Trainee: 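The structure's right below; bear with me while I get my questions together.
Because only heavy atoms are used, hydrogens play no part in the values below, and waters and symmetry mates are left out as well, while side chains stay in. All chains are named by letter (A, B, ...) in the order of the sequence lines, taking the proteins before the strands, and each is independently numbered beginning at 1. It should be emphasised that the depicted structure is a prediction, and the values quoted were computed from it without experimental measurement.
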Amino acid sequence: MLSLQHISKYYQVGGNKNFVINDISLDIDEGEFISIMGPSGSGKSTLLNIIGMLDEPTDGFHYFVDQPVHQLKEKQRAALYKQYIGFVFQAYHLIDELTVYENIETPLIYQDVKGSERKAMVADMLDRFQIVGKKDLFPAQLSGGQQQLVGIARALIAKPKLLLADEPTGNLNSKQGEEIMELFRKLNKEDGVTIIQVTHSEKNAEYGTRIINLLDGRVESSRKL
Amino acid sequence: MIKNYFKIGWRNMMKNKFFSFINIFGLSVGLACCMLIALYLNYETSFDSQHKNAPNVYQVITAFVQNGSKRMKMPNTPAPMAGALKQEYPEVVETARLLKLFIDDKTIIQYNPANGERKSLLEQNGFLADQSFFKIFTYNFTEGNVANALTNPRTIVVSKKLAEKLFGNQPALSKVIHVNSNTNGEQDYTITGVFDDGKVPSHISANFFLSVAGGSMEGFIKRQGNDYASNNMFYTYLLLKPGTSPATLQAKLPTFIDKYAGKDLKNMGFQKEQSLLALRDIHLSSEVESNVTAPASKTYLYVLFSIAAFTLIIACINFMNLSTARSSKRSSEVGVRKVLGAEKSTLIRQFLGESVLMTLIAFVFAIVITLILLPLFNQLADKNITLSADKDTVLFFEFLLMALITGVLAGSYPAFYLSSFNPVKVLKGKLTNSLAVVAVRKGLVVFQFIISVVLIVASVVIARQMNFMRTADLGFAKDQQIVLPLRTANAKAAYAAMKADLQQNSQVASIGASAYYPGVFNPSDNLLYREGQTTAEGRRTRLNYVDNNFLQTLDIKPVAGRLFSPAFGADTNVNIIINEKAAKEYGFGSAQNAINKKIQNNYQGNTTAYTIVGVVKDFHYEDLHLPVTPYGFLLNTGGYNYMVIHAKQGNMASMLKTIEASWKKYDPNDPFDYTFMDDDFQKNYQADTRLAGIVSYFTVVAILISCLGLFGLAAFSAEQRTKEIGVRKVLGASVKTIVSLLSVDFLKLIIASVIIASPIAWWLMNKWLQAFAYRKDIDWTIFAYTATIAIFIGLITIGSQALKAALANPVKSLRSE
Ligand SMILES: Nc1ncnc2c1ncn2[C@@H]1O[C@H](COP(=O)(O)OP(=O)(O)O)[C@@H](O)[C@H]1O
Ligand SMILES: [Mg+2]
């Protein structure tokens, strides 16, 4: 599905290069469920953002569905991103001014999906996540777990092949966290969505098919489950 | 998509009511200002558009040249010009002369029906016009026939308003009315037409037109004969063949003048340059002196337009500054949207959608404000501008377009700024404003306050100049002077008896009479020169014809020689009293030197000489825009246009009753009418008073909007620094130190504005003051006042927010973080 080869990212601090990602090479196949772990500041989010094309590496080669991302123009990259990738955040990042329904609908608007089609897709998603009754509420009226559910529903609405989640359970209690993980596993198994998540919880990491440990911007270890 | 943008825009607006209020209020007021001024400009540029021939109609302009120096341009020509131009040039299809009943401010019009009450009216804006006048100009006749309206002698065409005043809803056509003016004498006229002057204004704001034939002017024109040099008093209009270039015709006019007036002009010692002024340009040609009606000054229009545009810009700046200042609140939304697939252009459109939504709401309020303020604005500007949904649809769409453009302008900078956020950065945490955007914001605040400070200086300078003109010593006693116009032969004849009667009254200080008085148009003038000199050295001298008591009544002081007085029975109209300026200009060296010397004038080859018996102190016979020029008084034994009564301090109402009783006794047939000399003099400052009013209102509006923006920024800054303030308070900072901490940055901006604005304001207002020959110059105190006002207003605006923040409970604010 994607391949990173000798990817580096550094910030110029004074005269020194401060490496956040240091020469990482990584191949991820379709259908994998990867958990990235590592101490704070080890570059997990940065790596996820590079994979998700939100951030650009300073060096290296990045292939996504056989396309050389490092050579693509902004527009082409955006098109690729829109078609394949969904994002979930620790802080949910729902848009406060939009209702649950509208939050979930937003990616479809940006992909120019027609109104009637949008309606059907959002209804479907609400149904699947059992949040139909909450569709007209605003994020502030939901619990953390419910907000994250909406966040995931929003990430999935455009049927991405790759779901990127940066500490999706970080702000949730363990029961809510488990529910989310079950959901991820189901998505991965039944719908074949490739998932890459960042997590601090060993237990949640175990839901994955592979665990990658980062330290100081390098892959310290990688083990298949 | 648009619906979506508006929806989010609306929710954002409702969520931040305070900021939305500031923005919508500012934009509404700014847009309303622009709408009012647009209506005003629309009105001022619509003059004479109703005339079908307008593109081919021109007014003949005369510039008088003496000793190589050009005097102001005038729209006046001698009577025979019109006819000769038509004869000489085939491209001149038609010509018409127009003459204002210029000696009178009002004309007496009387209707004496066979059965019924006699009506006696005092009417303004009367004209004499050639019969060809209606061939050139389009007038909508509701009665009578345009084609032959003024063909017969003693015929009159009246406005619908005047017809209604005279006859109610009875037909006016063929009725005979009595018209009595100092300019054209006293005759009966038959009504041959009634016109409706409609909504479109004309530079000829006429109430009635008299035929040239049949009045005393007819004789005057005959006596003028073929003199193409003197008595430049007719407005001459040319209708040119379509396609004729006015420039080509104008180029031929020097030859024309040479041929017809060359010899006379040489005798009189001056030259004339003729030019053509297009009909549609007349109203906006303020460089032409004393046209039919006062022109609109283009400069004033530019000034008004700029002020209105600036108020709108100030409101736009509020929107920009508050949007970027609050950007941290929107940044995560931008980040999320980008993650969800939004492109920069989509986000720009979203933010523009929000600003456009805001201006559309403001637009609705602005229309309401405009409709409410229009009557007040009309009063202030002395106009009759209307706005109605059915007639001005195009204008409404133009206003809507203006609002949309405003929305895009105000929204573009925040839209580009907000949409450029990097999602990775903004999603990580709170975004701090970049230094560049903070600098831009400060720059914009300074810009707003520069505008406000310039406006404050302008208001103060204008107010001081107005006050100066109101209180300046004019060189004569302008207060307690009651002026009675003597409009008819009867009134003139009754003067002596009325004077004798009223002089008995102990409240009357003195009574005099004259042809003109200070503050009103003084049309009589002559080129006068010292004995031994020639016409070429002549000085244009205004002349007034007075009785023995006029100078004493006005308290005009002699500096040499004497005033006219009954004690000198030998005084006749060969004696003259001049002002100091005249003595100097004729070259007498001193006032004393001029006494008993002769000055003379040459008219059509005949020389008239006058002996100077007195020199008086210079006085302002014209308003303070104009410098005092040579002036002379001649003694007349009768035929005065005005009776002036100088009353002592006391009960003015009873004084006026006494005067009216005397008038009714000696001239029972003419309506009693009076004015006060100081009022008449002040009327010359109407345009300035209007400007002063408009500028001061706009200043208040601009300051209000600027301060609202500053208030918003201060509130936001205080909110942002809640935690810092809390910590400082816990550490023992006093309220005073916190208030000054929060205020000092903004105060610096205001002081910077004052420093930058002062030279700009000085330069602008100094330019404005140049239009006054007598002025109160700008000094440093104005800037001291302005700085104090600006800083005071700023302090109140910012200080209130700072104080609120400083007084907040620190424990509360720290806990909430
Ligand atoms: N703009 C930046 N300039 C300099 N250093 C940065 C910048 N952004 C992130 N970093 C550094 O990159 C490192 C990795 O960050 P991140 O990927 O968020 O780590 P993690 O998600 O593993 O906690 C951190 O040490 C952080 O300080
Ligand atoms: Mg992280």
Trainee: Would you mind checking which part of B:Val336 comes under 4.5 Å of any heavy atom in chain A, side chain (CB onward), backbone (N, CA, C, O), both or neither?
Mentor: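 Just its side chain gets close to chain A.
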
Trainee: Using a 6.0 Å cut-off, check whether atom OH of B:Tyr5 has over 12 heavy atoms from anything other than its own residue.
Mentor: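 More than 12 heavy atoms, drawn from other residues, nucleotides or ligands, come within 6.0 Å of this atom.
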
Trainee: What option among B:Ile8, B:Val424, B:Leu340, B:Thr346 has the most heavy-atom pairs under 4.5 Å with chain A?
Mentor: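 Looking at each of B:Ile8, B:Val424, B:Leu340, B:Thr346 in turn, B:Leu340 comes out on top.
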
Trainee: With a 4.5 Å heavy-atom cut-off (strictly below), which parts of residues 85-122 of chain A touch chain B? List them by number.
Mentor: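 Listed by number: A:Phe87, A:Phe89, A:His93, A:Ile95, A:Asp96, A:Glu97, A:Leu98, A:Thr99, A:Glu102, A:Thr106, A:Pro107, A:Ile109, A:Tyr110.
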
Trainee: Please say whether more than 12 non-hydrogen atoms of neighbouring residues, nucleotides or ligands are located less than 6.0 Å from CG in B:Asp745.
Mentor: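 More than 12 within 6.0 Å, yes.
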
Trainee: Tell me whether B:Phe416 at atom CZ has more than 12 heavy atoms from other residues, nucleotides or ligands lying less than 6.0 Å away.
Mentor: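 Count not over threshold, so no.
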
Trainee: Checking heavy atoms, do the side chain of B:Lys7, its backbone, both or neither come under 4.5 Å from chain A?
Mentor: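 For B:Lys7, the contact with chain A is made by the side chain alone.
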
Trainee: Got a sec: does the CD of A:Gln12 have more than 12 other heavy atoms crowding it under 6.0 Å?
Mentor: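 Enclosed.
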
Trainee: Would you say that more than 12 heavy atoms from the other residues, nucleotides or ligands in this model lie under 6.0 Å from the CZ of A:Phe61, or not?
Mentor: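 Result for CZ/A:Phe61: open.
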
Trainee: Step by step, work out the salt bridge (charged side-chain N to carboxylate O under 4.0 Å, His left out) result for A:Lys82 and B:Glu343.
Mentor: CA-CA 10 Å; A:Lys82 274 202 231 177; B:Glu343 281 162 44; 3.2 Å; yes

Trainee: As an exercise, state the distance from NZ of B:Lys338 to OH of A:Tyr81, rounded to the nearest 0.5 Å.
Mentor: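 These two atoms lie 11.5 Å from each other.
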
Trainee: Assess whether atom NZ of B:Lys804 is packed by more than 12 heavy atoms of other residues, nucleotides or ligands within 6.0 Å.
Mentor: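 Not more than 12 within 6.0 Å, no.
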
Trainee: Drop me the distance from B:Asn422's CG to A:Asp55's CG, to the nearest 0.5 angstrom.
Mentor: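 One finds 6.5 Å between CG of B:Asn422 and CG of A:Asp55.
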
Trainee: Name the atoms and distances for all side-chain donor-acceptor pairs under 3.5 Å in residues 62-70 of chain A, with sequence neighbours left out.
Mentor:
{"residue": "A:His70", "atom": "ND1", "partner": "A:His62", "partner atom": "N", "Å": "2.8"}
{"residue": "A:His70", "atom": "ND1", "partner": "A:His62", "partner atom": "O", "Å": "3.3"}

